[in-house]
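Below you'll find the structure, written out as structure tokens, and then a few comments.
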Number of protein chains: 2
Amino acid sequence: MTAKDGYILERQAGHLLRRAHQRHSAIFQENIGDAQLTPLQFAALVKLRDLNEVSQNHLGRLTAMDAATMQGVIKRLASRGLIERRPDPNDRRRLILSLSVEGRDLIEALVSNGSGITAQTLAPLSPAEQKQFLDLLTKLAQLNGNGE
Amino acid sequence: MTAKDGYILERQAGHLLRRAHQRHSAIFQENIGDAQLTPLQFAALVKLRDLNEVSQNHLGRLTAMDAATMQGVIKRLASRGLIERRPDPNDRRRLILSLSVEGRDLIEALVSNGSGITAQTLAPLSPAEQKQFLDLLTKLAQLNGNGE
DNA sequence: GTTAGATTATTCGTACACAAACAAGTTTTT
DNA sequence: AAAAACTTGTTTGTGTACGAATAATCTAAC
């Protein structure tokens with residue numbers, strides 16, 4: 001907490017965001033109910049459940065993963081048999097992704113755990129603070145609003 | 001944004017924290033003023049400047065990095081000649097870390113950029129909102145307050 | 001004072017994160 | 001239609017993240 005010129009690591013947005021994200025990841029891992037599933041894999045399954053079918057890159061945009069990251073996440077989900085990949089007949093560059101039966105069953109069984117994880121992550125705050133925090137955080141998560 | 005049962009990815013704390021952290025990282029990279037320096041490396045240098053000398057594990061605790069991560073961060077900083085490592089005479093397990101002259105010069109020159117990066121990260125919020133956000137985020141970054 | 005237990009740093013293995021470069025395919029321009 | 005520009009998915013390389021295992025050392029208990 002020392003600082004010769006007022007720059008205190010513990011008060012920087014980036015450091016705090018990183019630590020809060022660490023804490024959330026730990027809560028996720030303890031409570032998701034599937035030891036292999038990671039937050040990104042869970043996000044991909046949830047979005048796929050909502051949309052039924054999407055291309056890989058499109059799913060990446062919806063879940064905020066770049067193409068290279070998405071590739072790895074999808075590969076691992078497919079190797080577990082949770083999702084299926086087939087070529088798009090209208091655009092031969094594209095891979096159309098969808099949930100397998102096992103993937104659908106798994107995500108239906110685990111979504112409620114996801115809600116609990118968010119609740120637990122926000123538990124140190126009062127209900128009013130939770131709402132406020134999510135509102136502010138939503139603004140800061142917007143890709144614009146930076147400074148070019 | 002669809003959802004059969006109210007679980008909306010875009011409103012989950014973890015997803016928003018991840019995206020806000022992504023945005024911060026992009027702002028950091030554009031504004032830190034040293035193309036090689038990463039947020040973690042910057043944090044390590046800042047803490048080292050504040051404390052002069054610390055053991056590697058201790059520095060890891062102060063910057064919220066586990067021992068394995070810290071090891072890599074320190075290795076890269078040392079290979080750039082920004083920090084020095086010497087054994088602790090009182091405890092032969094320990095490595096005592098300190099800034100080199102170049103490391104000190106670099107961090108002194110870049111700390112103010114760090115403040116600008118936090119400001120820019122929080123720029124979408126009003127000053128009152130910024131204070132509130134940091135207060136709430138600080139509570140959520142505390143390692144306790146989870147639910148065992 | 002030795003043994004059991006804890007701590008320090010390292011290594012290994014898996015999973016993000018993302019820039020950069022690429023091949024293959026699609027769209028836009030001219 | 002052919003060229004230029006863009007998109008999709010993959011690969012490579014570097015840097016977090018962190019669990020688990022290990023060797024060396026230190027500390028606490030007995």
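- Note: CG (Asp34(B)) to C1' (dG15(D)) measures 15 Å, nearest angstrom.
- Within the nucleic acid shown, Thr69(B) comes within 4.0 Å of at least one base atom, counting heavy atoms only.
- Proximity of a side-chain donor or acceptor of Gln130(B) to a complementary backbone N or O of Leu125(B) within less than 3.5 Å is detected.
- Look at CG on Leu62(A): it is 15 Å from C1' on dT8(D), rounded to the nearest Å.
- Residues that satisfy the side chain to side chain contact (heavy atoms under 4.5 Å, CB included) test with Ala68(A), not counting sequence neighbours, are Asp66(A).
- Per the geometry, NE2 belonging to His58(A) stands 11 Å off P belonging to dG9(D), to the nearest Å.
- Note on Ser25(B): every side-chain N or O is 4.0 Å or more away from OP1 and OP2 of dA17(C).
- Here dC16(C) presents its P atom at 10 Å from CZ of Phe28(A), a figure rounded to the nearest Å.
- Regarding Arg92(B), its CZ atom lies at a distance of 16 Å from the P atom of dT8(C), rounded to whole Å.
- Distances shown here put every side-chain N or O of Arg18(A) at or beyond 4.0 Å from the OP1 or OP2 atom of dT16(D).
- Taking side-chain N and O atoms only, Arg61(A) has a distance below 4.0 Å to OP1 or OP2 of dT8(D).
- Taking the side chain as every heavy atom from C-beta outward, His15(B) and Arg19(B) approach each other to under 4.5 Å.
- A sub-4.0 Å separation between OP1 or OP2 of dG15(D) and a side-chain N or O of Gln36(B) is absent.
- In terms of polar N and O atoms assigned as donor or acceptor, the side chain of Arg94(B) never comes within less than 3.5 Å of the base of dT8(C) in a complementary pairing.
- Under 4.0 Å is where a charged nitrogen must lie from a carboxylate oxygen, and between Glu102(B) and Arg80(B) no such pair does.
- Take the nearest nucleotide of DNA chain C for Asp91(A) and for His21(A): the residue whose nucleotide is more 5' is His21(A).
- The residues Lys131(A) and Asp135(A) are annotated as salt-bridged, a charged nitrogen and a carboxylate oxygen being separated by less than 4.0 angstrom.
- Comparing dC18(D), dC26(D), dT10(D) against the side chain of Ala68(B) picks out dC18(D) as the nearest.
- For Gln71(B), no side-chain nitrogen or oxygen approaches OP1 or OP2 of dT8(C) to under 4.0 Å.
- Of the side-chain N and O atoms in Gln22(B), one or more sit less than 4.0 angstrom from OP1 or OP2 of dC18(C).
- Protein atom CG of Asp66(A) is 13 Å distant from nucleotide atom P of dG9(D), rounded to whole Å.
- Interface remark: the Arg93(A) side chain does not form any donor-acceptor pair with the dT8(D) base, using a distance-only criterion of under 3.5 Å.
- Rounded to a whole Å, the CZ atom of Arg19(A) is 13 Å from the P atom of dA17(D).
- The Ser55(B) side chain lies nearest to dA9(C) when the options are dA17(D), dG25(C), dA9(C).
- Thr121(A) contributes no side-chain N or O that, together with a main-chain N or O of His24(A), makes up a donor-acceptor pair within less than 3.5 Å.
- Proximity note for Asn57(A) (side chain, C-beta onward) versus dT16(D), dA15(C), dT8(D): the nearest is dT8(D).
- Nearer to the 5' terminus of DNA chain D, by closest-nucleotide assignment, is the contact made by Arg85(A) (compared with the other of Arg85(A) and Gln29(A)).
- Atoms CG (Leu37(B)) and P (dT14(D)) sit 18 Å apart, rounded to a whole Å.
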